[in-house]
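We count ligands from 1, going down the list as the structure has it; atoms in each ligand are counted the same way. Index from 1, following the sequence. Side chains are part of it too, since the values below use all heavy atoms of this structure and drop only hydrogens, waters and symmetry mates.
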Amino acid sequence: MSQPTGDSFPASVRVVDSHTEGEPTRVVLDGWPQPPGATMRARLDHVRAHDDRLRAAVLAEPRGYDAIVGALLTPPVTAGSAAGIIFFNNGTYLGMCGHGLIGVVRTLEFLGRLSPGEVRFDTPVGTVRAELAADGTVTIENVAASVHARDVAVEVPGYGLVTGDVAWGGNWFFITHADQVPVEMAEVEALTRFTRAIQAALRAQGITGANGGDIDHIEISAPPERADADCRNYVLCSGGEYDRSPCGTGTSAKMATLHARGELALGAPWRQEGIVGGLFTGWLTSGPDGALIPHIRGTAFVTGETTLRFDARDPFRFGIGADTARA
Ligand code: PYC
């Protein structure tokens, strides 16, 4: 597949950075060639096949760091939507991204492109809604969440048997209460090693989401530290970094598992604390055909506006670690 060559690679890309409960989002405003396609899935496939080097260059060191989630804005594909969004990270692409959507809304507000009210966006996994309040709070309505399998046991080399639920919240999650490693910030490196081992074991043992969907997010639930939270989590993201926020799609999937067990009624609030201490408040409503629709409330803050420059003479133009770094 062709990737942008030295000649066609953009000289600059303009971005706005924000964080949502600690997790960074980098919204790409211009400089990135618009992907063709009538659907967001087709556009994502195009970016993956042709512009993947740009994904890495925009997020990787020396211009970024591994935790950043990128959001490429495109024209909408659905009547009534304001824009399309392709979310990506240090390793791959996401279906949806809850913290990222909150970051996009606050970024567009910062740029004067959005005022308080409701807005829709198209993503590769469906159209989502967001409501911006005057105080900067954003409530998103995610794609439907569901539980694919409950109490799935996986043997994790070095850690033993781990049991969890496989659930969809816009990405595939394995959600467990496994207590081999305490869910504390001081243990974040050990948690990352543990959850990467779970992710590898799921893959090695052929455990997937529906239609073979790769379970690329691992979520560990534990008792909260905050008095105003119901649960604290650690979430390993698909690129191998951990989510600093309570994870919007992870909270969506978690609420679906609780509902399936009769532990969360429709409309009841679920206050999800993240590993660095941020909070999302979520709840479920019933959608068409009994679908479970997750709602997540939180906020984001703009942290910077940058024009990333890609000098053709720069040996690290494509990012440190990119296989073409010295092309
Ligand atoms: O908030 O959905 C989320 C998310 C996914 C990966 C990082 N954040």
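- Each of V235, D230, T251 was compared with Q272 under the side chain to side chain contact (heavy atoms under 4.5 Å, CB included) criterion, and only T251 meets it.
- Side chains of D151 and T163: no donor on one and acceptor on the other come within 3.5 Å.
- Ligand 1 places these atoms under 4.0 Å from at least one heavy atom of L94: 5 (C), 6 (C).
- For ligand 1, the atoms lying closer than 4.0 Å to a non-hydrogen atom of C237 are 6 (C), 7 (C).
- Heavy atoms from both the backbone and the side chain of T249 come within less than 4.0 Å of ligand 1.
- Distance alone, capped at 3.5 Å, is enough to place a donor-acceptor pair between the R226 side chain and the G277 backbone.
- Taking every non-hydrogen atom of G248 and a distance limit under 4.0 Å, the qualifying atoms of ligand 1 come out as 1 (O), 2 (O), 3 (C).
- Contacts between N89 and ligand 1 below 4.0 angstrom, taking non-hydrogen atoms only, are absent altogether.
- Among all non-hydrogen protein atoms, the one lying nearest atom 7 (C) of ligand 1 is D243 OD2, 3.1 Å.
- Side-chain contact annotation: T25 with H19, donor-acceptor N/O pair under 3.5 Å absent.
- With respect to the salt-bridge test (charged N to carboxylate O, under 4.0 angstrom), the residues E118 and R129 qualify.
- Ligand 1 has no nitrogen or oxygen under 3.5 angstrom from a nitrogen or oxygen of F280.
- Applying the ring pair (Phe, Tyr, Trp, His ring centres under 6.0 Å) test to every pair with at least one member in residues 54-76, sequence neighbours left out, gives no pairs at all.
- The shortest N or O to N or O distance between S245 and ligand 1 is not below 3.5 Å.
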